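Since the structure is predicted, the reported quantities are computational estimates derived from the model, not experimental observations. Computed over heavy atoms, backbone and side chain alike; hydrogens, waters and symmetry mates excluded.
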Amino acid sequence: AGLIAEQLGGGQWARYRHVGSFDLLDAATDALLAHWLPGSGRELRDLPFFHHYLDDPEQTPEALLRTDIYLPVA
């Protein structure tokens, strides 16, 4: 739930929208890799994942910060 498959230059990516503190991004990414990926029927491609920060932390309350986590999948 909450994951979207997207075609970006060079292949498919799974995108998950994290809402909350940037301090929790590593835990959210780890959870995707440990819990979502094994049951997804997909495999990681040999590329780094990345975070796309959508909000300015100086303008947005920490609890409302949005970050898209992108995992390269096949």
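- Taking CZ of R17 as the reference point, atom NE2 of H52 lies at 9.0 Å (rounded to 0.5 Å).
- In plain terms, the two heavy atoms of R42 and L37 that are nearest each other are O-CD1, 3.7 Å.
- In the hydrophobic clustering of ILVMFWY residues, with side-chain heavy atoms under 4.5 Å counting as a link, F22 and V19 come out apart.
- In this structure, the ring of Y16 has its center no less than 6.0 angstrom from the ring center of Y70.
- Looking at every heavy atom in both residues, L33 comes nearest to P38 through O-CD, 3.4 Å.
- Side-chain contact between Y53 and L25 is present, with at least one heavy-atom pair separated by less than 4.5 Å.
- Residue L24 is not grouped with residue L32 when hydrophobic side chains (ILVMFWY) are merged at heavy-atom distances under 4.5 angstrom, including chains of intermediate members.
- More than 12 heavy atoms of other residues, nucleotides or ligands sit less than 6.0 Å from atom CG of D30.
- With rounding to the nearest 0.5 angstrom, the CH2 atom of W13 is 13.5 Å from the CZ atom of R15.
- Side-chain contact check for T67 versus L54: every heavy-atom pair is 4.5 Å or farther apart.
- Judged by distance alone, the side chains of R45 and Q12 never bring a donor and an acceptor atom under 3.5 Å apart.
- Residue pairs that meet the salt bridge (charged side-chain N to carboxylate O under 4.0 Å, His left out) test with at least one member in residues 51-63, sequence neighbours left out, are D55-R66.
- Of all the heavy atoms in L65 and P57, the pair that sits closest is CD2-CA, 3.8 Å.
- Put simply, CG on D68 and CZ on F50 are 8.5 Å apart, with the number rounded to the nearest 0.5 Å.
- H51 and T29 share a side-chain donor-acceptor pair at under 3.5 Å.
- Summarising the geometry, atom OG belonging to S40 is positioned 9.0 Å from atom CG belonging to L71; distances are rounded to the nearest 0.5 Å.
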